[in-house]
Amino acid sequence: MLERYDHAAVESQAQDFWRRSRAFRVSEDSSRPKYYCLSMFPYPSGRLHMGHVRNYTIGDVITRFMRMQGYNVLQPMGWDAFGLPAENAAMKNNVPPAQWTYENIEYMKRQLAALGPMIDWEREVATCSPEYYRWNQWLFLRMLEKGVAYKKTGVVNWDPVDQTVLANEQVIDGRGWRTGALVEKREIPMYYLRITNYAQDLLDGLQELPGWPERVRTMQANWIGRSEGVRIAFPYELDGERAALNVFTTRADTLFGVTFCAVAAEHPLASRAARSNPQLAAFIEECKQGAAMEAELATMEKKGMPTGLCVTHPLSGEQIPVWVGNYVLMAYGEGAVMGVPGHDERDFGFARKYGLPIRFVIARAKGAPPPGEEGDEAARQEWRAEFGEYGVCVHSGKYDGLEYQAAVDAIAADLAAKKLGEKQLQWRLRDWGISRQRYWGCPIPIIHCPHCGDVPTPDEDLPVLLPEGLVPDGSGNPLNKTPSFYECKCPKCGGDARRETDTMDTFVDSSWYFMRFASPDNHAAMVDQRVNYWMPVDQYIGGIEHAILHLLYARFWTRFMHDLGLVEAREPFANLLTQGMVLNDIYSRKDGQGRVEYFNPADVQVQFDAKGNRIGATLKSDGLPVDWEGMRTMSKSKNNGVDPTELIERYGADSVRLFMMFKAPPEDTLEWSEDGVEGAARFVRRVWRMVYEHIAGGGVREAAGAPLSAAPLSDAQRAMRRVAHATLVKVTDDIGRRRVFNTAIAAVMELMNALSKFNDATPLGRAVAHEALELIVQMLAPITPHVCHALWKELGHDDALIDRAWPKPDPQALVQDALEIVVQVNGKLRGRVTVPADAEEAQVREAALADGQVQKWVEGKPVRKVIVVKDKLVNIVV
RNA sequence: GCCGGUGUGGCGGAACUGGUAGACGCGCCGGACUCAAAAUCCGGUUCUGGCGACAGAGUGUGGGUUCGAUUCCCUCCACCGGCACCA
């Protein structure tokens with residue numbers, strides 16, 4: 001009787017072995033090439049979800065594969081442990097966030113370990129530990145010294161639910177990224193990091209990241225948002241004072257089409273005009289209110305009001321009225337625009353509404369007859385450029401006839417000569433505000449002294465420890481009510497002072513954790529020389545949702561550390577894999593009152609018709625129908641989550657891992673299916689059974705002994721060997737180069753199918769089967785490491801599979817002496833012929849024409865052309 | 001609106017460089033084993049016509065290039081993602 005496959009026993013034995021032999025421990029080793037494989041570290045929310053399982057499985061497969069390829073592979077793990085959910089949980093359960101967080105870490109670590117990942121746990125870090133966050137503080141002080149960090153009072157995005165400030169990156173459609181609450185505008189003093197200093201560099205760097213998905217690079221480039229244009233000054237005189245209104249434009253060529261200027265409601269000129277104009281003041285107030293919801297801006301009606309002020313056109317000398325416009329953003333460019341209603345859709349809408357003149361100054365083509373201002377609409381449509389379209393200047397004085405670039409250059413040069421403008425670069429990217437009015441985060445190491453102002457905490461006083469025992473009550477930051485924290489002495493004058501109670505945005509924590517993994521035990525420095533052994537990360541894996549925020553911040557932070565000489569790398573992540581989401585079915589039922597109840601897909605039975613079409617679904621418990629709402633990411637609210645631990649207990653980690661890797665390519669969304677996991681488990685059992693059936697045949701060692709490349713094999717045996725080695729070639733390429741695991745697994749399944757049909761009990765036949773089984777076990781090792789660990793031993797090996805090198809295909813086994821050639825007639829498949837592998841083209845051609853099936857189609861028609869594709873096909877054109 | 005992506009059986013997906021469309025798996029159908037069920041094994045499964053050998057059609061739509069197109073080019077449609085009064 002064969003030993004039954006018991007996944008729990010197999011997995012705990014393998015994991016015990018790895019633990020005892022410290023198989024996952026890595027250190028710097030200059031004799032081998034290094035490989036740093038990193039999955040985005042999780043927030044310790046309480047339990048692992050399937051997204052984590054997918055993420056860490058992908059990472060582990062790559063890690064184990066690269067290790068077998070001979071690399072010195074580092075795969076560390078840590079915890080992104082600061083953040084709001086801990087505070088919310090604290091309020092709900094009346095436990096300090098620290099306790100909640102550490103308990104979660106402990107639980108999730110056990111869950112994760114059950115998956116069997118090759119993680120060097122000796123490097124584990126949690127961002128909430130003082131040993132980690134002291135270096136946030138230390139680097140922040142360096143940033144202050146370099147002027148990269150600074151304090152500014154400004155309008156910020158305020159999340160009324162979380163009671164904190166959000167970075168621009170954290171506002172999505174005018175709502176907080178976490179709470180979904182409508183964001184308000186508030187004026188608050190905050191610390192900012194000058195990420196804009198690195199805007200050009202961050203943009204240029206994207207060019208050097210061929211290992212990143214195109215999509216992510218585009219998203220970052222758009223976010224950085226470089227635009228080239230001209231700053232133009234419109235001079236004016238007010239209360240006897242001479243000044244100028246600056247605007248930024250990418251279309252300086254339309255300068256002669258300007259019929260008004262518009263400034264943002266927050267613009268100083270607007271406030272100044274409002275002082276003597278209550279109506280305008282009221283309008284400005286209204287704009288400021290409305291501006292909170294940036295998403296609505298786009299669809300909002302253009303509104304404006306004249307300031308009564310006029311400015312002078314810098315080239316024509318014409319008087320131009322200045323308006324306040326609700327569509328002008330204070331935060332971009334100069335907070336003011338020149339209005340060219342003839343060639344800008346927004347300006348056009350504005351001008352139409354308020355009866356401002358419209359001028360067309362760009363023609364579609366050179367030589368187009370520019371009709372006069374009074375020209376009829378139809379004629380005008382003919383020649384004038386559309387909104388935003390490039391063309392040739394007309395009605396623009398000496399610039400007439402110039403095309404876009406020439407016009408911009410000429411106008412910019414003339415403006416520069418008059419000191420009324422210059423070419424300018426404009427960025428969409430803004431500085432990163434990091435102050436958060438929250439408790440559970442890294443304290444900002446600043447002391448406010450009534451005499452000396454804002455004084456940095458001296459390095460020797462770091463870390464500024466966050467008290468861990470506090471429980472927030474929902475009324476603001478508890479640090480503000482903890483004198484033992486905020487009461488302190490000024491490091492400069494020694495007088496009573498108050499410690500800053502804001503903490504840092506948690507994106508600071510995750511901006512450099514990957515470097516700390518290189519030297520987690522260094523208590524004297526943020527990083528040391530070991531960082532240059534491991535960095536950059538060779539393969540980074542995580543969700544697409546971090547395409548902008550985390551990845552941009554981490555790139556910025558790494559650059560700053562590079563500039564300080566702390567690390568050689570400038571780009572942190574050489575290759576990036578953004579894994580797709582994990583979806584599951586959503587089943588619901590509406591009750592009489594229209595309330596919706598959701599049912600977990602595990603409790604639902606799906607009905608099929610005789611052809612396998614899905615025709616309905618019922619709840620297992622009552623047999624009554626439920627509605628299918630499609631598939632979406634797993635969530636509590638839709639009750640479609642799957643608990644990883646339960647799953648591992650039922651099917652085993654290997655089957656879960658196999659399913660995750662087989663069901664879809666890593667970048668695609670993955671549709672969860674219980675049947676699919678069962679299929680994966682079935683396959684694992686099948687491998688197990690096949691190995692045991694083979695061993696039961698006895699004589700394992702002898703069978704494996706002789707070199708098969710030289711043995712006198714039968715045709716069937718040679719064919720079997722060829723399939724096995726061809727599969728190895730494909731799997732190596734799929735995992736190593738293409739990073740697609742589903743096709744690699746499919747190839748191994750095909751090999752299994754071939755092997756189960758092979759049935760050859762002769763000594764040589766058994767040797768061939770033995771070799772194939774060894775290859776199968778080795779190829780599956782990165783994906784289903786536990787079962788392979790066990791089977792490797794059963795196949796007669798004393799060494800551990802994890803220390804084994806990846807197998808190499810035998811070139812002898814890959815040789816074919818006959819090939820099957822496909823024959824087409826007029827591009828349609830009509831037959832197949834077998835020819836010797838070294839057959840000449842003419843020989844192949846003849847064999848194709850001679851084939852009986854092919855003859856039928858060619859008969860009686862003149863052969864016009866024969867195309868022979870080497871080793872593949874012949875196409876006969878008649 | 002702009003940018004990017006995707007569209008293939010009942011389902012997830014494969015076909016990497018223009019060369020056998022649907023690998024592999026799930027589901028479904030039939031069979032073996034069983035008192036029965038589970039497990040396992042074997043066979044079938046794109047659609048249409050035909051008992052059948054076979055024939056025709058077929059990769060969102062319409063066109064083009066080619067001996068040959070899921071793959072390249074153009075048009076349109078649908079869906080997904082990102083950005084969005086960015087001047």
Side-chain angles (χ1 to χ4, degrees), chain A residues 172-173 213-223 225 227 229 247-251 254 262 294-302 325-329 331-340 344-347 349-350 387-388 426-428 544-545 547-548 606 608-615 658-659 662-665 667-680 682-683 685-686 689 730 733-734 737-738 740 742-750 752-753 756 820-832 864-867 869-870 872-878:
Chain A
I172 294 143
D173 290 341
E214 178 73 39
R215 189 157 70 121
V216 176
R217 285 187 288 161
T218 317
M219 279 162 73
Q220 290 217 350
N222 288 341
W223 189 265
S227 62
V247 303
F248 173 77
T249 180
T250 53
R251 292 301 303 269
T254 64
E294 292 198 23
E296 286 169 35
L297 278 174
T299 50
M300 217 156 73
E301 197 191 350
K302 311 254 171 307
N326 68 346
Y327 70 101
V328 184
L329 301 173
Y332 187 79
E334 304 287 339
V337 298
M338 62 183 208
V340 186
D344 182 280
E345 199 172 357
R346 293 155 302 175
D347 296 343
F350 194 80
F387 298 130
Q426 226 10 275
W427 304 89
R428 213 190 78 101
I544 185 75
E545 66 273 19
I548 297 172
V606 180
F608 298 91
D609 69 9
K611 285 192 169 178
N613 299 311
R614 202 174 166 131
I615 49 170
L658 181 73
F659 166 76
F662 177 62
K663 183 78 180 182
E667 315 241 59
D668 289 13
T669 53
L670 183 148
E671 298 185 356
W672 177 258
S673 103
E674 190 84 18
D675 288 329
V677 189
E678 268 169 31
R682 191 149 51 225
F683 177 74
R685 282 197 300 268
R686 197 167 160 224
R689 200 176 341 106
K730 175 166 173 60
D733 187 52
D734 279 356
R737 179 181 63 89
R738 297 177 65 207
V740 285
N742 54 334
T743 52
I745 295 166
V748 176
M749 287 173 168
E750 281 185 81
M752 285 281 294
N753 291 343
S756 62
E820 191 182 59
I821 303 290
V822 167
V823 186
Q824 297 180 331
V825 178
N826 288 342
K828 279 198 189 331
L829 175 70
R830 294 302 182 194
R832 291 153 205 273
R864 220 176 288 159
K865 202 171 177 184
V866 179
I867 290 126
V869 180
K870 197 174 180 327
K872 274 209 172 131
L873 64 69
V874 176
N875 189 13
I876 301 161
V877 188
V878 295

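Chain naming here is simple, since letters A, B, ... match the order of the sequence lines and numbering starts at 1 in each.
Side-chain atoms of Gln220(A) come within 3.5 Å of backbone N or O of Ala547(A) as a donor-acceptor pair.
Under 4.0 angstrom from either OP1 or OP2 of C3(B) there lies no side-chain N or O belonging to Arg215(A). Close to G68(B), at under 4.0 Å from its OP1 or OP2, lies no side-chain N or O of Arg864(A). OP1 or OP2 of C86(B) sits under 4.0 Å from a side-chain N or O of Arg346(A). Taking side-chain N and O atoms only, Lys663(A) has no distance below 4.0 Å to OP1 or OP2 of G12(B). Regarding contacts with the backbone of U40(B), a side-chain N or O of Arg685(A) is found under 4.0 angstrom from either OP1 or OP2. Here Lys828(A) reaches the OP1 or OP2 of A57(B): one of its side-chain N or O atoms lies under 4.0 Å away.
Scanning atom types as modelled, one donor and one acceptor separated by under 3.5 angstrom connect the side chain of Asn875(A) and the base of C67(B). In terms of polar N and O atoms assigned as donor or acceptor, the side chain of Arg832(A) comes within less than 3.5 Å of the base of U20(B) in a complementary pairing. No donor-acceptor contact under 3.5 Å links the side chain of Arg428(A) to the base of C86(B).
Comparing G52(B) with U61(B), their P atoms sit 29 Å apart, to the nearest whole Å. Taking atom C1' in both A39(B) and C33(B), one finds a spacing of 11 Å when rounded to whole Å. For the P atom pair drawn from G22(B) and C54(B), the interatomic distance equals 16 Å after rounding to whole Å. G5(B) and C85(B) have their P atoms separated by 24 Å, with the value rounded to a whole Å. When the C1' atom is compared between G13(B) and G68(B), the two are found 26 Å apart, to the nearest whole Å. If you take atom C1' in U17(B) and the same atom in A69(B), they sit 14 Å apart, rounded to whole Å. The separation of U71(B) from U66(B), taken at their C1' atoms, amounts to 13 Å, rounded to a whole angstrom. Between the C1' atoms of A14(B) and G25(B), the separation comes to 11 Å (whole Å).
Among the heavy atoms of the strands, none lies under 4.0 Å from Asp347(A). Residue contacts shown for Asp344(A) are absent, as no nucleic acid heavy atom lies under 4.0 Å away. Base contact: Val328(A) has a heavy atom under 4.0 Å from a base atom. Note on Arg737(A): a base of the nucleic acid sits closer than 4.0 angstrom, heavy atoms only. Here Lys730(A) lies in heavy-atom contact (under 4.0 Å) with a base. The residue Gly679(A) sits close only to the backbone: its heavy atoms come under 4.0 Å of sugar-phosphate atoms, none of a base. Across all strands, Ser673(A) comes closer than 4.0 Å to no nucleic acid atom at all (heavy-atom distances). Within 4.0 Å of Arg217(A), counting heavy atoms only, lies no atom of the nucleic acid at all.
Atom-to-atom distance recorded for Ile615(A):CD1 and Asp609(A):CG is 5.5 Å, nearest 0.5 angstrom. To the nearest 0.5 Å, atoms OH (Tyr332(A)) and CD (Gln426(A)) are separated by 5.0 Å. In this structure, the separation between CE on Met752(A) and CZ on Arg686(A) is 4.5 Å, given to the nearest 0.5 Å.
Distance Asn222(A) CG to G4(B) C1': 9 Å, rounded to the nearest Å. As a whole-Å value, the separation of Asp675(A) CG from A39(B) C1' is 16 Å. Distance, Glu678(A) CD to C24(B) C1': 18 Å, rounded to whole Å. Residue Asn826(A) contributes atom CG, which lies 9 Å from atom P of G68(B) at whole-angstrom precision. Between Leu873(A) atom CG and A69(B) atom P the separation is 12 Å, expressed in whole Å. One can place NZ of Lys872(A) at 8 Å from C1' of U17(B), the figure rounded to the nearest angstrom. Separating the CZ atom of Arg830(A) from the C1' atom of U20(B) is a distance of 13 Å, rounded to the nearest angstrom. Gln824(A) has its CD atom 18 Å from the P atom of U66(B), to the nearest Å.
In this structure, Glu820(A) and Lys872(A) have side chains that are not in contact, with every pair of non-hydrogen atoms separated by 4.5 Å or more. Put simply, the side chain of Arg738(A) reaches to within 4.5 Å of the side chain of Asp733(A), judged on heavy atoms. Between Leu670(A) and Phe662(A) the shortest side-chain heavy-atom distance does not fall below 4.5 Å. With contacts defined as side-chain heavy-atom distances shorter than 4.5 Å, the pair Lys870(A)/Ile821(A) does not qualify. Two residues are said to be in side-chain contact when any heavy atoms from C-beta on lie closer than 4.5 Å; Val822(A) and Val874(A) fail this criterion. For the pair Asn613(A) and Phe608(A), the minimum side-chain heavy-atom distance is 4.5 Å or more. Within the 4.5 Å cutoff, the side chain of Leu658(A) has heavy atoms near those of the Ile745(A) side chain. Here the side chains of Lys865(A) and Asn875(A) are not in contact, with every heavy-atom distance at 4.5 Å or above.
Shown here is Arg215(A), whose CZ atom has no more than 12 heavy atoms of other residues, nucleotides or ligands within 6.0 Å.
Applying the 90° criterion around 0 to the glycosidic angle, G9(B) comes out syn.
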So which protein N/O to nucleotides 6-10 of chain B N/O distances come out below 3.5 Å?
unit_1: G10(B); atom_1: O4'; unit_2: Asn613(A); atom_2: OD1; d: 2.4

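Across the interface with RNA chain B, nearest-nucleotide mapping of Lys865(A) and Glu750(A) shows Glu750(A) to be the residue nearer the 5′ end. Of the two residues near RNA chain B, Thr250(A) and Leu829(A), the one whose nearest nucleotide lies more 5' is Leu829(A).
The nucleotide whose nearest atom lies closest to any side-chain atom of Val877(A) is, among G12(B), C67(B), A87(B), C67(B). Among G25(B), G19(B), A87(B), the nucleotide with an atom closest to any side-chain atom of Val869(A) is G19(B). Checking C86(B), C29(B), C24(B) against the side-chain heavy atoms of Tyr332(A) singles out C86(B) as nearest. Distances from the side chain of Leu329(A) to the nucleotides C16(B), C24(B), C86(B) place C86(B) closest. Among G13(B), C24(B), G19(B), the nucleotide with an atom closest to any side-chain atom of Ile867(A) is G19(B). For Thr249(A), counting side-chain heavy atoms from C-beta on, the closest listed nucleotide (A87(B), U40(B), U20(B)) is A87(B). With U40(B), C24(B), G13(B) as the choices, the nucleotide that has an atom nearest any side-chain atom of Asn753(A) turns out to be C24(B).
Between Trp672(A) and Phe659(A), the two ring planes are perpendicular [angle over 60°; tilted spans 30° to 60°].
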Margin query: For Watson-Crick and G-U wobble pairs within 3.5 Å on both distances, what is RNA chain B written in dot-bracket notation, | included for inter-strand pairing?
Written below: (((((((..(((......[....)))((((((.......))))))((((....))))..(.(((..]....))).))))))))....
